[in-house]
Amino acid sequence: QVQLVESGGGLVQPGGSLRLSCAASGRFFSIGAMGWYRQAPGKQRDLVATITGGGSTSYADSMKGRFTISRDNAKNTVYLQMSSLLPEDTAVYYCKAAVSVRPFRPEDYWGQGTQVTVSA
């Protein structure tokens with residue numbers, strides 16, 4: 001029905017940069033807010049950043065100034081540009097989207113996750 005596919009994860013050195021992408025596919029009327037979350041081994045899943053359908057963004061404090069969330073509505077894609085990466089950023093990153101398969105009936109959909117490893 002609706003699929004979110006993340007890409008762009010991998011191994012990067014501390015201080016490096018990485019851009020994650022998440023594209024929505026399927027049949028739906030609209031996509032509202034989208035966001036990125038991450039989960040490290042043995043830890044809970046935490047919010048990284050969100051972006052509304054109108055482009056308003058919000059970040060967790062630890063990501064401000066280092067991460068940038070953006071979206072391309074024509075491509076149904078949300079991005080997470082990460083810079084000045086730290087080992088503590090190592091986690092599986094998930095995207096989430098509020099998708100209306102039917103008008104005014106948004107439901108949350110999750111991607112499968114992509115591994116980001118920050119290590120020298």
- prompt: Are Met82 and Tyr59 connected in the hydrophobic side-chain network, where two residues link if heavy atoms are under 4.5 Å apart?
  reply: yes
task: Just grab all the side-chain hydrogen bond (donor to acceptor under 3.5 Å, both in side chains) pairs involving residues 4-21, residues at least two apart or on different chains.
output: Glu6-Gln112
message: Listing request: all disulfide bond (SG atoms under 2.5 Å apart) pairs with a residue in residues 24-91, at least two apart in sequence or in separate chains.
response: none
- prompt: Under 3.5 Å, side chain of Ser58 to main-chain N/O of Ala49, donor-acceptor pair present?
  reply: no
- prompt: Between Leu4 and Val101, is there a shared hydrophobic cluster once you connect ILVMFWY residues whose side-chain heavy atoms come closer than 4.5 Å?
  reply: yes
- request: Could you check if a side-chain atom of Val78 sits within less than 4.5 angstrom of a side-chain atom of Ile69, using non-hydrogen atoms only?
  value: yes
message: Give me the atom names and distance for the closest heavy-atom approach of Phe104 to Ser100.
response: N-OG, 4.2 Å
Would you list the atom pairs, donor with acceptor, under 3.5 Å between side chains in residues 29-38 and any protein atom, with sequence neighbours excluded?
residue	atom	partner	partner atom	Å
Trp36	NE1	Tyr79	O	3.4
Tyr37	OH	Lys96	NZ	3.0
Arg38	NH1	Asp89	OD1	2.9
Arg38	NH1	Tyr93	OH	2.9

- prompt: Do Val12 and Leu80 belong to the same hydrophobic cluster, where Ile, Leu, Val, Met, Phe, Trp and Tyr are linked whenever their side-chain heavy atoms lie under 4.5 Å apart, directly or via other members?
  reply: yes
query: Do you know the tightest heavy-atom contact between Ala40 and Ala91?
result: N-CB, 3.8 Å
field: Side-chain touch Thr90/Gln115, heavy atoms, less than 4.5 angstrom
entry: yes
query: Given the rule in the side-chain contact (heavy atoms from CB on, under 4.5 Å) test, do Ser119 and Leu11 qualify, once you have shown the distances and angles that lead to the verdict?
result: CA-CA 7 Å; Ser119 178; Leu11 176 65; 4.2 Å; yes
query: Shortest non-hydrogen contact from Ala23 to Thr77?
result: CB-OG1, 3.6 Å
message: Just so I know, are the side chains of Tyr94 and Leu20 near enough to count as touching, which here means a heavy-atom distance under 4.5 Å?
response: no
Inter-residue atom distance Lys64.NZ - Thr57.OG1, 0.5 Å rounding: 9.5 Å
- request: Would you list the pairs meeting disulfide bond (SG atoms under 2.5 Å apart) in which at least one residue belongs to residues 49-102, sequence neighbours left out?
  value: Cys22-Cys95
message: Please list all pairs meeting salt bridge (Lys or Arg N to Asp or Glu O under 4.0 Å) that have one or both residues in residues 45-57, counting only residues at least two apart or in different chains.
response: none
message: Taking side-chain hydrogen bond (donor to acceptor under 3.5 Å, both in side chains) as the cut-off, I'd like each qualifying pair that reaches into residues 102-111, sequence neighbours left out, listed once.
response: none
